[in-house]
Amino acid sequence: TICGSAVTVYQLKMMGGIVFLQEGPRLSSITQIDAGLGKVVAVNRFNQAFVLIGTRWYRLSSVSLKHISVGPAGMWGASNTNRVYKSVAGNMLQSSGIYYYYFHVNKCSLYCPTCSSSLILYYSCSPNNGCWGVDTSFRRIVPSNCGNSGWLYVAGQSMTMIEVGTDGSVFGVNRSGQVFQRIGISIRLPQGSAWRSVPMCMSIRHVSYDLGRLWAVTTSGLLMQCTH
Ligand SMILES: *[C@@H]1O[C@H](CO)[C@@H](O)[C@H](O)[C@H]1NC(C)=O
């Protein structure tokens, strides 16, 4: 793995299906990113929300957001005071609903009954592969449909976050900032069979996956983009 800072494309190596890693378009101090249906949105540490259009980031609105999500259900955000916002014709409008700390405004439905329990800390859904979450022990990933039942523990890695792409691909970040992809996922085996390491040259805090692209935010707030 060769990492440089001055060049844009600094790694050209076949690694488990991910072909090359390049520095993503510049937006500093990112704390969270979400990609879905070809759109990419992010929040920085000043709670400013941005959308990526082409190779440039544009401020979404003046509303202060701690988390933003985009997918088939549209674009949703949450403020520091847990107010929920939905993007309507380019404006973030306040909506009814509760946004629990650390919870994704998920892509299947805004409110999932399971979220009201304190079991699930991090939560992400796709129309193609149900929902995955990380429980309070940070030790297990639990795939399910959007309902209350059918949760299944998946051992193997102690994850801090899990992200399901619109196409059903599942990526997680373990407690050491290492990225993994869940492999072996099928209709008969929705929980998949194993974790495959996705080597990164830096410690990762957050990932999102859409249309063959893995977006990764490093612990230091740098955005990276890996292309299949
Ligand atoms: C994260 O994954 C790496 C690579 O497999 C491993 O060395 C490390 O121990 C893992 N961290 C935790 C907290 O499990």
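By convention here, the first residue in the shown sequence is residue 1. Order of appearance sets the numbers: ligands from 1, and atoms from 1 within every ligand.
For the side-chain contact (heavy atoms from CB on, under 4.5 Å) test with Val207, the passing option among Ile33, Val198, Leu214, Ile162 is Leu214; the others fail. Evaluated for a side-chain contact (heavy atoms from CB on, under 4.5 Å) with Tyr85, the options Asn91, Ile68, Leu65, Leu93 yield exactly one hit, Leu65.
We find the CZ-CD distance between Arg175 and Gln157 to be 11.5 Å, quoted to the nearest 0.5 Å.
Here Ser176 pairs with nothing under the side-chain hydrogen bond (donor to acceptor under 3.5 Å, both in side chains) rule; sequence neighbours left out.
A distance limit of 4.0 angstrom between heavy atoms and ligand 1 selects the residues Gln157, Asn174, Arg175, Ser176, Gln178, Phe180.
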Side chain to side chain contact (heavy atoms under 4.5 Å, CB included) between Glu163 and Asp34: does it pass, once the steps are laid out?
CA-CA 9 Å; Glu163 169 77 15; Asp34 194 46; 3.0 Å; yes
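Counting non-hydrogen atoms of neighbouring residues, nucleotides and ligands closer than 6.0 angstrom, the NZ atom of Lys39 reaches no more than 12 such neighbours.
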